[in-house]
2 protein chains.
Amino acid sequence: MQTPTLRDVADAAGVHPATASRALNPATRGLVNAETARRVMKVAEGLGYRPNPMARGLKTAKSATVGLVIPDLTNPLFPPIVRGIEDVLEPAGYSGLIVNTDNDPQREQAQIELLRSRQVEGLIVATALLDHPLMAQLQREGVPMVMVNRRPDGLDIPSITPDDAAGIEMAVAHLADLGHRRIGHLAGPASTSTGVARRRAFRNAVRDRDLDVDPALVVTCEHWTEESGAAALRRLLDARPDVTAVVAGNDLIALGCYDVFSERGIDCPREMSVVGFNDMPFLDKLAPPLTTLAIPHQQIGAEAARMLLDAIAEPDRAARSVLLPLSLVVRGSTAPPA
Amino acid sequence: MQTPTLRDVADAAGVHPATASRALNPATRGLVNAETARRVMKVAEGLGYRPNPMARGLKTAKSATVGLVIPDLTNPLFPPIVRGIEDVLEPAGYSGLIVNTDNDPQREQAQIELLRSRQVEGLIVATALLDHPLMAQLQREGVPMVMVNRRPDGLDIPSITPDDAAGIEMAVAHLADLGHRRIGHLAGPASTSTGVARRRAFRNAVRDRDLDVDPALVVTCEHWTEESGAAALRRLLDARPDVTAVVAGNDLIALGCYDVFSERGIDCPREMSVVGFNDMPFLDKLAPPLTTLAIPHQQIGAEAARMLLDAIAEPDRAARSVLLPLSLVVRGSTAPPA
DNA sequence: GGTCAGGCTGCACTCGATTGCAGTGAGCGG
DNA sequence: CCGCTCACTGCAATCGAGTGCAGCCTGACC
């Protein structure tokens, strides 16, 4: 015999399958005589009985599965988040199904379709695309959802995001404290919510501190990549050669800066300071080790999973959004201006 | 009405559900009138019909799901492999369920249990533990399996592994060509198959080249971590201060070496060369950029997924194992001895 | 002693798709 | 004109678990 079925357990315990079902389900166990329930459970244990999730799911229309929609698992940003999610999901008896969208709307739609056909009970979405009719539609259809790392504009969807504004604020404060006055910002793409949020935060931070607010000090990158970061820094340096520090939109952009430093013979941090954003792994091994803002990735994932489970349990609760604090990790890429 | 069911499609097309089922399934489509089939398919399309995988799975005992057993998704080694796997699985209509074992046998067993209770049709296993009764048991039970990154000893399980021996051989050849004669090896833990395989390959390589074969030149690390790597290098330097190059068991161990270099004021690569193994992301940003062996991670994953699908389709085919070639990426951490 | 309540248990149907078997009807050959 | 074959379609059972409803039995109360 392969895996034992409920009927096997019932037969072995000398009861009807219905009784066995009730005895095994904690929610309905009260309907069964305590003695009988104990016996059934013991028999089930002995036989190594495992309920067939498909049969159960068929009847209950639940799959104990949630979909994780991320751009690319290969991006070091996501594994810790996924880990955080799964660590919460698992004890709750849920599993996560991961799909990669490569930030391609077409692919994103297809993958979400796939998840829905797999009967996921909810979605954790980490794609960075800004406007998205698909989101609104899912929202209308009542699919429980949580967004991580980006805030839905207009839509009433719960989200977990790092407190970008506070982070940028800390970075600027750190540089200002070191004595920098002309600080540049290499902003992320304007099509991403984090890109615009950080850029706005930067503008506010320099204004509040009476630092140089020249718009030429803010350059927007085309993508969140080293190449874009390098290109942006070149433009910045061409426009304002007197800049002494830059706040990069994220670590990859900061890495692009390193390339420009060696290309133009700039000594970091003596001649120019850089602050990254995200605290990717191994940044402490760079030369110089990158000062950056650490995001509690795992915690973000865990929080998102908890919120999704809540949303699944109580579909019509108000969307609640959470900003998680981040911390500035000071390493070797920042120093007082020459 | 929520998602339409097969019955809805059948009603709308004016046929019996059985006929609709046959028309929609490519394998049985030949049994129904071509015209009818076309009509049913059109109606299904129009209604946006998606078969319920649970109902189907219940009847067919298939889940279109495979389990991916990895130690820790957070380890940069695995995301590319997972990506490669999913890229193959997806077009085949399969999905992967990821579990993290943290290399803890207890957890591993529990997680595999979980996967089985979720009715996965096969397993891709990437855990690094050597002896494992669980593998043998699964094997006996006829669970289709493929291992990646390690070879099962004794068991007849297909595996996909990088050609460790050839890689180490290339590393040693590279260093020897540069003029190194006293080369050390910081081996991975003896409890892992890759650890022992690479160590053996190293011994052979230095022997074949008439280099220094002193056993003191080979030090075994406790774990695949920076700390262990640093500790191992310290021991090596204490025993043989005249060593001019080291081949690290993997990149993390090599990173540990960097710590010792700065700790003892050793100039890499002028005074000592290092070669890593794996080509983790961003190694090119280190100071100096790490010379290492690049593993075709994504390709490994893709190949593993293909083999698993084969094994699921034809359960009793002979286990076939594949060694994938790797390539030496020469960067700045290797140079002729002083 | 009779009646009623309530605790347990069993029956039977349901979820949605698949599939062996039976049945219908058309077409063709004798 | 009859009978047989073959192509197609419908019926009904099945997968494993969950659940409304009915019925049994016991115990308590009048």
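What you are looking at is a predicted structure, and each value in this text was computed from that prediction instead of being measured. In the text below, chain A, chain B and the rest are named by the order of the sequence lines, each starting its count at 1.
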Under a 4.0 Å heavy-atom criterion, DNA chain C is touched by chain B from C:dG16 to C:dG20
Using salt bridge (charged side-chain N to carboxylate O under 4.0 Å, His left out), reason through A:Arg320 and A:Asp156 one step at a time and then give a plain yes or no. CA-CA 9 Å; A:Arg320 169 172 57 108; A:Asp156 187 35; over 6 Å; no
#### Entry: Phosphate-side-chain proximity, A:Thr5 and D:dA17, N/O vs OP1/OP2 below 4.0 Å
yes
On a heavy-atom basis, the closest approach of A:Val148 and A:Ala304 is CG1-CB, 3.3 Å
All heavy atoms of B:Thr192 vs all of B:Trp224, minimum pair found to be OG1-CZ2, 3.3 Å
Computed from five pairs at either end and rounded to 10 degrees, the angle between the axes of the helix from C:dG1-D:dC30 to C:dG30-D:dC1 is 60°
Provide a list of protein-nucleic acid N or O atom pairs under 3.5 angstrom, restricted to nucleotides 22-28 of chain D.
none

Does a side-chain heavy-atom distance below 4.5 Å link B:Val99 with B:Glu108?
no
Report task. State whether the side chain of A:Asp8 and the backbone N or O of A:Thr5 hold a donor-acceptor pair below 3.5 Å, judged by distance alone. Result -> yes
So, does A:Thr60 get its side chain near the phosphate of D:dG18, meaning an N or O under 4.0 Å from OP1 or OP2? no
Result for 5'-nearest mapping on DNA chain C, choosing between B:Asn52 and B:Arg22, is B:Asn52
Q. Taking it one step at a time, do A:Glu141 and A:Gln137 satisfy side-chain hydrogen bond (donor to acceptor under 3.5 Å, both in side chains)?
A. CA-CA 6 Å; A:Glu141 294 181 24; A:Gln137 190 196 326; 2.7 Å; yes
Looking only at heavy atoms, the pair that brings A:Ala23 and A:Ala37 closest together is CB-CA, 3.9 Å
Ranking B:Ala55 and A:Arg56 by the position along DNA chain D of their nearest nucleotide, the one closer to 5' is B:Ala55
Atom CG of B:Leu6 and atom P of D:dA12 are separated, to the nearest Å, by 17 Å
Q. Can you check side-chain hydrogen bond (donor to acceptor under 3.5 Å, both in side chains) on B:Thr3 and B:Arg50, steps first, answer last?
A. CA-CA 8 Å; B:Thr3 63; B:Arg50 298 244 157 245; over 6 Å; no
Please report, to 0.1 Å, the donor-acceptor pairs under 3.5 Å made by any side chain of residues 51-59 of chain A, with sequence neighbours excluded.
from, atom 1, to, atom 2, distance (Å)
A:Asn52, OD1, A:Met54, N, 2.7
A:Asn52, OD1, A:Ala55, N, 3.3

Side chain to side chain contact (heavy atoms under 4.5 Å, CB included) with B:Glu121: of B:Leu309, B:Ile312, B:Thr65, only one passes, and it is B:Ile312
Between B:His16 and B:Leu58, whichever has its closest DNA chain D nucleotide further toward 5' is B:His16
Margin query: For a salt bridge (charged side-chain N to carboxylate O under 4.0 Å, His left out) check, start with the C-alpha distance between A:Asp310 and A:Arg306, then their side-chain angles and the critical distance, and finish with the verdict.
Written below: CA-CA 6 Å; A:Asp310 282 358; A:Arg306 268 190 286 271; over 6 Å; no
Residues pairing under side chain to side chain donor-acceptor pair (under 3.5 Å) where one sits in residues 31-45 of chain A, two or more places apart or in two chains, turn out to be A:Glu35-A:Arg38
Looking only at heavy atoms, the pair that brings A:Val66 and A:Tyr94 closest together is CG1-CD2, 3.9 Å
Ordered by number, residues from residues 24-47 of chain B within less than 4.0 Å of DNA chain C (heavy atoms) are none
